[in-house]
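Working notes for the structure below.
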Amino acid sequence: MTRYIFVAGGVMSGVGKGVATASLGKILQSKGFKVSCVKIDPYINVDAGTMNPLEHGEIFVTDDGTESDQDLGNYERFLERSFSRVNYMTTGRVYESVIHRERNLEYKGKCVEVVPHIPEEVISRIQEAGRIDKADFVLTEIGGTVGEYQNMLFLEAARMMQVQNPEQVFFVLVSYLPIPPNIGEQKTKPTQTAVRTLNAAGIQPDMIIARSELPADKPRKQKISQFCNIVPEYVISAPDVTFIYEIPVNFEKERVGDKILQKFGLKGRKQDMRAWRALVRRVRSLKKTVQIGIVGKYFEVGDFILMDSYLSVIEAVKHASWAQRRKPDITWLSAEKYERNPQAVRELKSFDGVIVPGGFGNRGMEGKIKAIEFCRKQKVPFLGLCLGLQLAVVEFARNVAGIKNATSAEFGGKGPAVIDVMAEQKALLKEKKYGGTMRLGAYRCRLKKGTKAFAAYGKREVSERHRHRYEFNNEYREKLEQKGMVFSGMNPKSDLVEIGELPSHPFFLGTQFHPELKSRPLEPHPLFLEFVKAAISRK
Ligand code: GLN
């Protein structure tokens with residue numbers, strides 16, 4: 001029998017619902033249960049692929065090419081397994097399938113209504129995830145905050161599931177206890193209001209995870225218990241942590257796993273979080289740092305710097321650095337600054353390593369090229385991810401191979417397109433078919449012996465995840481090879497370039513795929529590992 005745990009958020013967004021969900025999953029997994037996760041994104045967008053990362057955060061891509069929310073990345077990293085299309089849904093996707101079914105007369109002449117047909121579709125998708133993953137538990141995270149109009153139908157689905165099988169459903173509210181500086185005390189009222197809102201939707205939480213800057217003390221827990229109609233042991237203190245992988249360990253201090261199992265009348269089969277705990281201990285003890293600069297453009301929002309757009313890149317840097325017993329010190333570098341003031345790239349010299357991550361469109365492009373040129377000439381370890389590889393190719397073509405005004409077709413310039421668009425992509429663009437049509441998901445990559453890429457992976461063939469429309473133009477392969485660029489990874493089927501590197505440089509490597517998506521805390525990605533090693537040796 002599969003059990004269903006719903007996780008909703010109260011008070012405000014950004015308090016770590018995704019990480020809390022992943023942590024609950026981790027704990028249940030460590031107790032010997034098979035766990036699946038589902039993320040619900042209450043947007044009309046059919047998938048996350050058409051959302052601006054500055055608004056929605058990183059677009060996480062699964063092996064099967066689903067363009068999903070960054071929380072799927074959290075689930076994969078915590079549970080150390082991969083997920084697929086069944087683990088992600090948006091409002092748009094749900095409506096799309098209901099409408100599709102209606103057109104096929106599958107409702108047999110019935111009036112198709114928002115309730116119950118939309119929640120029913122949601123339920124069937126959650127159940128499908130449980131079936132496909134053969135899960136003992138499906139944890140479903142409902143995006144947004146309770147009280148928002150747009151997640152009402154998902155709460156309704158959760159309520160319907162609970163009514164149908166009360167003993168199979170458990171409800172968690174991840175809430176927030178602010179500590180206003182002028183008051184100096186943790187306040188529970190917003191959480192009480194959130195619970196009332198949830199009650200109005202017919203749901204009583206079984207557990208409240210009280211996120212806050214500081215631990216929730218006994219009086220606070222009692223207050224929440226009393227006003228939110230919940231036993232005090234099921235109010236869980238969840239103070240801020242320095243790094244997210246501590247959270248399952250902290251939850252276990254409050255015996256969260258056993259408390260959930262108790263509600264279901266279950267007992268843990270084993271307890272195995274040893275490797276995870278060891279990682280947490282190791283990270284806590286790290287003193288030495290490695291300085292990594294990331295040249296991007298998706299982080300300035302008004303007066304604030306947000307890092308969500310590059311979440312997997314940051315995590316991958318952390319995993320690799322920790323394995324090398326270093327704390328990464330990451331600095332955000334604005335590509336546009338280098339356009340306004342090309343001299344500013346000199347600051348890159350003070351970094352141990354520089355990353356140019358993925359991106360789209362013209363903005364900041366020339367600045368990134370300037371940064372890459374500097375890293376190549378000054379022998380600063382460089383890792384290019386997707387767009388990072390494409391721009392490394394453009395830079396090399398222009399400045400080493402003498403291909404004047406070399407560019408990428410994406411930027412619409414007149415110069416030779418060393419990065420070009422394939423015929424099938426051209427047809428899609430002409431018809432404005434943008435959603436879900438890039439080269440997405442896992443593709444094979446064959447590695448060339450004797451290269452840095454081969455040495456890093458230690459095998460002939462790997463599989464990596466993609467999300468891009470443009471590709472290396474093979475017409476220029478010979479010319480660039482003659483000038484010293486080595487194409488160390490190729491797609492064996494389509495002959496498309498997957499990895500480019502410069503053997504004459506301590507570490508200069510770019511990938512057409514996104515290696516960051518497959519890095520896990522206990523299993524850092526080999527290319528990130530080599531990059532960090534090179535960065536440390538430069539130091
Ligand atoms: N904009 C580039 C492309 O579409 C790179 C995409 C990316 O970096 N993910 O090919």
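Both ligands and their constituent atoms are indexed starting at 1 by order of listing. All values below were derived from every heavy atom in this structure, side-chain atoms included, with hydrogens, water molecules and symmetry-related copies excluded.
For the residue pair Glu464 and Tyr457, a side-chain donor N or O sits within less than 3.5 Å of a side-chain acceptor on the partner. Arg77 and Ser312 are linked by a side-chain donor-acceptor pair at a separation below 3.5 angstrom, with hydrogens and angles left out of the test. No side-chain donor-acceptor contact under 3.5 Å links Glu366 and Tyr338. Counting only N and O atoms by type, the side chains of Ser97 and Glu121 include a donor and acceptor under 3.5 Å apart.
Near ligand 1, residues Gly358, Gly359, Phe360, Cys386, Leu387, Gln390, Glu410, Arg467, His468, Arg469, Tyr470, His514 come within 4.0 angstrom through at least one heavy atom.
Taking 4.5 Å as the limit, every side-chain heavy atom of His319 sits out of range of all side-chain heavy atoms of His525.
Tested against Thr437 for a side-chain hydrogen bond (donor to acceptor under 3.5 Å, both in side chains), the candidates Arg469, Glu431, Glu424 yield a single pass: Arg469.
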